[in-house]
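Lettering of chains follows the sequences in order, A, B, ..., and the numbering in each one begins at 1.
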Amino acid sequence: MRAEQEREYVAYVRARLLTLRRTAYRLCGDWHRAEDLAQTALVLVYRHWRRASAAESLDAYVRRILVNAYLQDQRRWWHRRVEPRPDPVAARPDLAVAARPTGAVDTRLDLLAALARLAPGQRAVLVLRYWEGLDVAETAAALGCSPGTVKSQTSYAIAALRRRLPGYATVDAEERT
Amino acid sequence: MTDLARLFADADAAAPPEPAVSPGYLESTLARARRSARRRRAVGAAFAALLMMAVAAAVPWPRGRLATEPIGPGTPTRPTFPAEFPAYSPLTASATTSPAGRAIALYEFGSSELFTSWQTLVAGADRDSYRRVDLGVRVAPEPLDPTAARLLSPDGTRVLLFDYPATFVLLDLTTGATTRLDTVTWTTNAEATPRLLAWSPDGHTVAYAVPAPPPADGRAASSYFAGRPILDLAFLDLRDGSTTRVSDSGPVWAAAYSPDGRILALQKGPGHAWLATPDGRRIRDLDLTDDRDLVPEVAFSPDGTLLATLVASSSPNNDRKVEFIDVTGTGRPVPRPVRYDNLLGWRSPTSVVVQAWSDELDAEILAEVSTADGTATVLSRFSRASNCEYGLQRCFAFRIQLASGLLALAGVRPSAPERGPVPIWLELTIAVAAALVAVVTVLLIWTVRRRARRRRRLD
């Protein structure tokens, strides 16, 4: 890579690193892994910078690389091991009795726990569409699939999330959209 | 905003502050990215090199100047000597894998002072081709005589090699085919081994000598005559591979067929020779002085009236000369002696071909010498290149045999040596070398560009 191109690359990384790391965190649920994923994606972007910088949307290009890196990482054998995750309900017996958690923090914990139990693809589609706020076309571009697939996957993912968050009516309501 | 989006937004709102990015994150990302790019280029270069090697191995390389038209046995072409026998080359192909047709000469070429650079070669008669005829045959170990272990047929189409201890290998120079033939069974109590003597003019029979059986008294000394092991005469019929020993025909030192093949001259010891029938029966004796040896293989003149003999000289240099004797028994005058000691054949009844050293050319030469007036004309010379033994020594020719049936018509051709296809090991070496050059070039370019980039970055 030429020095000028590398300067452009560094400037881009400086500007977008936090956003990229945040997206990675939303995908994987762990800040350390998020940094690793973001770095993996940025290394790939460096190798293909000429093509990336010529893309219609550099952010979309990088996002697609990040999502691919996340999905590939999930498919690797060392990620198929059982990772102990705190179960917010089991860890807090009082929530098992309550019909619905009350605090926003608890809601967040439940949401993260439920997301962690989704399949990587389902998690990615939910994160991109509802957490990152992308529309169907942008999500399809990030996942490298058709809009129809995004819609169907979204539906399955919401159903799966509803099963893991039975106390949240908002998820039921979402399924109707 | 949908309910689910609101749920995520609420989660964001409830989230603790994001942790700071790890120190040096950007730098480590950049370093890893550069490493990755370098590795990718290296892998690309290695792949390209492998691809080149694969292509080099698969695609036939230019094979140098190959033989042009195959020359069939019936093609009327005039045989030729090369104006110059070429320099030693390890790239010379084998006559078995790349036959080049009939040969005008069979010779050894090289040097083995310190390292062995040695080849047994045939020089083409119809084109300037050269092929190895080593064939991996076993030579008789010292102190047995390995010198008379091969013969070139009179028409130049075949070579017969002796494979110690009891096999002949017949090589067809036009097809590269080899045939293994057995010698007669022999045992000896002397340090002796079979010797090839002469090839009949019709090409059907080869006379050779085989150690005589141990004598009745069992003494090793009785197996020698005049200091040499006693060898019996034997014949190999190349038409059916049969071989016969002529019992009690020894000692036989040398032999030569008359041009019509009806007489076989045999040297039976010092100063003693026979004219014999083709099956080895004595016709009459020839009187030779003790210092006189029959010229092996090619002693008979083309008209069958003369026999060439080698006579030791009384000069301080111990030079020998060729003298001629009349075999007609009419007492007709014979030509004057020829002052060369290595007669290789006859061009005509009045001219012979000899191997000699030319001070003027500083080279070994083949010369045509007139028996009438002794004038010599250079036909061919051997390369003066000093590329034997890794460039340490000059190469020399030894044990030259000429296709006696081709000499009368043979002309001289300009030198443009064709040594056959490039050996496969050389192709692979070239491919590997090309791949290495490619890799080094890519790495060099990459290094230069990388340094330039670093300089620009520092600026």
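Within the 4.5 angstrom heavy-atom criterion, atoms from both the backbone and the side chain of A:Trp131 approach chain B. For chain A, the nearby part of B:Arg40 is the side chain; its heavy atoms alone come within less than 4.5 Å. Using a 4.5 Å cut-off between heavy atoms, B:Ala13 makes no contact with chain A at all. Proximity to chain B (any heavy atom under 4.5 Å) is shown, for A:Leu126, by both the backbone and the side chain.
Across A:Arg108 and B:Ala11, no two heavy atoms sit closer than the pair CD-O, 2.9 Å.
Shown here is B:Phe396, whose CZ atom has more than 12 heavy atoms of other residues, nucleotides or ligands within 6.0 Å.
By a heavy-atom distance cut of under 4.5 Å, not one residue of residues 437-444 of chain B is near chain A. Within residues 19-27 of chain A, the residues having any heavy atom under 4.5 Å from a heavy atom of chain B are, by residue number, A:Arg21, A:Arg22, A:Arg26. At a heavy-atom cut-off of under 4.5 Å, chain A is reached by B:Pro19, B:Ala20, B:Val21, B:Ser22, B:Tyr25, B:Leu26, B:Ser28, B:Thr29, B:Leu30 from residues 19-30 of chain B, listed in order of number. Contacts with chain B (heavy atom to heavy atom, under 4.5 Å) involve these residues of residues 47-65 of chain A, listed by number: A:Arg47, A:His48.
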Q: Begin with the C-alpha distance, continue with both residues' side-chain angles, and end with the deciding distance and a verdict on side chain to side chain contact (heavy atoms under 4.5 Å, CB included) for A:Glu132 and B:Phe8.
A: CA-CA 9 Å; A:Glu132 292 290 316; B:Phe8 281 119; over 6 Å; no

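Summarising the geometry, atom CG belonging to A:Leu111 is positioned 9.5 Å from atom CG belonging to B:Asp10; distances are rounded to the nearest 0.5 Å.
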